[in-house]
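Report on one structure; see the data block that follows.
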Amino acid sequence: MEPMDLIRDMFSMDCSIETVLHMVMAHFDLPEEKAQALLDEYFEIVEGMS
């Protein structure tokens with residue numbers, strides 16, 4: 001599973017941003033800064049699709 005897949009799936013289950021951030025950190029063993037960068041990238045992609 002790719003980080004973006006997990007992020008999408010977690011948000012589709014109505015998880016909070018904080019929960020998604022912590023899940024990405026735990027699942028992919030990432031520091032908070034890198035996980036936050038992935039969330040920022042996700043939001044940029046979603047905004048671009050709107």
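Excluded from the calculations below are hydrogen atoms, water molecules and symmetry mates; all remaining heavy atoms, backbone and side chain alike, are included.
- Taking the six-membered ring for Trp and thresholds of 30 and 60 degrees, Phe11 and Tyr42 have nearly parallel ring planes, at less than 30 degrees apart.
- Closest approach of Met23 to Leu6, counting heavy atoms only: O-CD2, 4.1 Å.
- Annotation for Asp29: atom CG does not count as buried by contact number, only 12 or fewer foreign heavy atoms lying within 6.0 Å.
- In this structure the side chain of Met25 never reaches within 4.5 angstrom of the side chain of Lys34, judged on heavy atoms.
- Heavy-atom minimum distance, Val20 versus Cys15: CG2-CB, 3.9 Å.
- At a threshold of 4.5 Å between non-hydrogen side-chain atoms, the residues Met1 and Asp9 count as touching.
- Going from atom CG of Leu30 over to atom CG of Leu21 covers 10.0 Å, rounded to the nearest 0.5 Å.
- Under the 4.5 Å side-chain heavy-atom criterion for ILVMFWY residues, no single connected hydrophobic cluster contains both Ile17 and Ile45.
- In this structure, the side chains of Phe28 and Leu38 stay at 4.5 Å or more apart for every pair of heavy atoms.
- In this structure, CZ in Arg8 is found 11.0 Å from CE in Met13, a value given to the nearest 0.5 Å.
- Two residues are said to be in side-chain contact when any heavy atoms from C-beta on lie closer than 4.5 Å; Leu39 and Gln36 meet this criterion.
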